[in-house]
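Beneath this line is the structure, given in structure tokens, with notes to follow.
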2 protein chains.
Amino acid sequence: MEESEILAKLPLVFTESALRQEMLTHGKFITVNKDDTLVREGQYLDFLPIVIKGEIRVFQQKEDREILLYYVREGQTCMMSLSAAYFNHTSTSYGVATKPSEIFVFPTRLVNEWQLKYSSWNAYLIQTFRSRYDELLGSFESVAFDPIDKRVLSYLTDRAKKENTAQIAISHQNLAYELGTTRVVISRILKGFEQQGKVKLFRGSIRLK
Amino acid sequence: MEESEILAKLPLVFTESALRQEMLTHGKFITVNKDDTLVREGQYLDFLPIVIKGEIRVFQQKEDREILLYYVREGQTCMMSLSAAYFNHTSTSYGVATKPSEIFVFPTRLVNEWQLKYSSWNAYLIQTFRSRYDELLGSFESVAFDPIDKRVLSYLTDRAKKENTAQIAISHQNLAYELGTTRVVISRILKGFEQQGKVKLFRGSIRLK
DNA sequence: TGCTTTATGTATCTTTTGATACCGTTTTTT
DNA sequence: AAAAAACGGTATCAAAAGATACATAAAGCA
């Protein structure tokens, strides 16, 4: 890929041209397939990723179940990788591509260096932490205070908005995973929604009405 | 208070002596009473606090209920204040002292300046964000997957450990607030624990056995 | 085509949690 | 001291959610 092309793909928030230039110099561009694992638990991180295209699912694995932390989307970096790298700890989570993705990676030592040189880099880091915190706080409140039917509806409308379509491609089982409940509960609730005319159900997808 | 006294009370993680000196120069020491409000929702922050002694309860207020985010304890700063100040946003939460406290405060503009000068300051910020995130993640998992009786027991043993005593001073009502449930549920569960010989109940406190 | 896997619908039963109400006791306030 | 507020125990009822089991349909594949 041409340097100018990469430059054009870097998030616009990096305002200092010297920073953008350093990214080009030290970073490199990689592509991964769907279901490729970028990071696994216990691994030391010698690179920090910024997702250019695609999506990475970040989660933790406990005994039997999986805890979804967040998705890293275009222009974003992985908060968990970032802080693990910063303190030279191993990763406590997994990162797996949900689709074919393009990732820009560069050595983790630069995280520290750039903090002392570029304020747009600092702003990016703090923004990353704060928005992940707010996101998790939203999930927490939802789990703590909202009944499941409301959470299902929120999930669907959020995704519809984000993906700009009324048709959400997800199975009942996977929706149950996302919300930390069981398939039967989801099927029951969705059927109720359909009877109320709120959605139309298809095999493998749900359309909001 | 003498400068040397204040210096001694600043968290040890600030390793650069120039940073410690700047803190002295630009910051000041304030004391607050129990139940004093330091920060309220909608307020712009012109200062960032570091708690030297005491404890600040940080929470959000929604319609009817209150969401406890975290406690800021000795040596810690408030993540919510920090990021609000950083982006010149108003605060989305409240900060209220739970006991008489001593707070070191300094102008928020220094947060940015120090990032570009002192790496121990950067490490402190990132540590602050990451540990709050992990803390919230723990609460999330607990709410999502643990039955209430287990959460009650975890709460008690955590506090016992943190305060280094088996006697936890809290009413059933306040314990219910902390865990987002109701008084009756807590009383029921605690009585069960007492019958199983796990705790002994007193008015206003619970002793672990 | 026939077999297997995945997706979904639904009934039944149990458990967990919450809501409400009423009680007596202790502590604090007036 | 009297009144009010806070604290805790407990019974009853209802609702929410999970567990289990079984059934049908669609999709993928050998």
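Sequence lines set the chain letters: A, B, ... in the order given, protein chains first and strands last, and positions in each chain run from 1. This is a predicted model, so every value here is computed, not measured.
In this structure, CG of A:L175 is placed 13 Å from C1' of C:dT8, rounded to the nearest angstrom. Taking atom CG of A:L179 as the reference point, atom P of D:dA17 lies 12 Å away to the nearest angstrom. Atom CD1 in B:I186 sits about 13 Å away from atom P in C:dA19, given to the nearest Å. Put simply, NZ on A:K150 is 20 Å from P on D:dA15, counting in whole angstrom units. Atom CZ of B:F145 is separated from atom C1' of D:dA17 by 15 Å (rounded to the nearest Å). Nucleotide C:dT17 holds its P atom 9 Å from the CZ atom of B:R151, rounded to whole Å. Straight-line distance from the CG atom of B:D149 to the C1' atom of C:dT16: 10 Å, rounded to whole Å. Rounded to an integer number of Å, the gap from CD1 of B:I148 to P of D:dA16 is 16 Å.
Within the 4.0 Å cut-off from OP1 or OP2 of C:dG18, at least one side-chain nitrogen or oxygen of B:T181 is found. Between C:dA7 and A:S187, no contact under 4.0 Å exists linking OP1 or OP2 to a side-chain N or O. Listed pair B:H172 / D:dA6 fails the phosphate criterion, with no side-chain N or O lying under 4.0 Å from OP1 or OP2.
With hydrogens and angles left out, the side chain of A:R183 and the base of D:dG18 share no donor-acceptor pair within 3.5 Å.
Taking the six-membered ring for Trp and the full ring otherwise, the centers of B:Y94 and B:F59 sit less than 6.0 Å from each other.
The listed nucleotides are D:dA11, C:dG18, D:dC7; the one nearest the side chain of B:V185 is C:dG18. Side-chain atoms of B:S171 lie closest to D:dC7 of the nucleotides D:dC7, C:dA11, C:dA21. Each of C:dA19, C:dG9, D:dG18 was ranked by its minimum atom distance to the side chain of A:K191; first place goes to C:dG9. You'll find that the side chain of B:V184 is closest to C:dA19, out of D:dG18, C:dA19, D:dT20.
The CG atom of A:L137 sits 11.0 Å away from atom OG of A:S142, with the distance rounded to the nearest 0.5 Å. Atom-to-atom distance recorded for A:T77:OG1 and A:Y124:OH is 5.0 Å, nearest 0.5 angstrom. For the atom pair B:R57 CZ and B:R73 CZ, the distance stands at 11.5 Å (nearest 0.5 Å).
Contact check of residues 195-209 of chain B against DNA chain D (heavy atom, cut-off under 4.0 Å) returns B:L201, B:F202, B:R203, B:G204.
Under the side chain to side chain donor-acceptor pair (under 3.5 Å) criterion, A:Q127 pairs with no residue, sequence neighbours left out.
The nearest heavy atom of DNA chain D to B:R188 and to B:N174 marks one nucleotide each, and the one closer to the 5' end goes with B:N174.
B:W121 places no side-chain N or O within 3.5 Å of a backbone atom of B:F14 that could act as its donor or acceptor partner. Side chain of B:D36 to main chain of B:N33: a donor-acceptor pair is present (N/O by atom type, distance under 3.5 Å, no hydrogens or angles).
Note on A:L190: nothing from the nucleic acid sits closer than 4.0 angstrom, heavy atoms only.
At a cut-off of 3.5 Å, with distance as the only test, a side-chain donor of A:Y155 or A:R159 sits close to an acceptor on the other residue.
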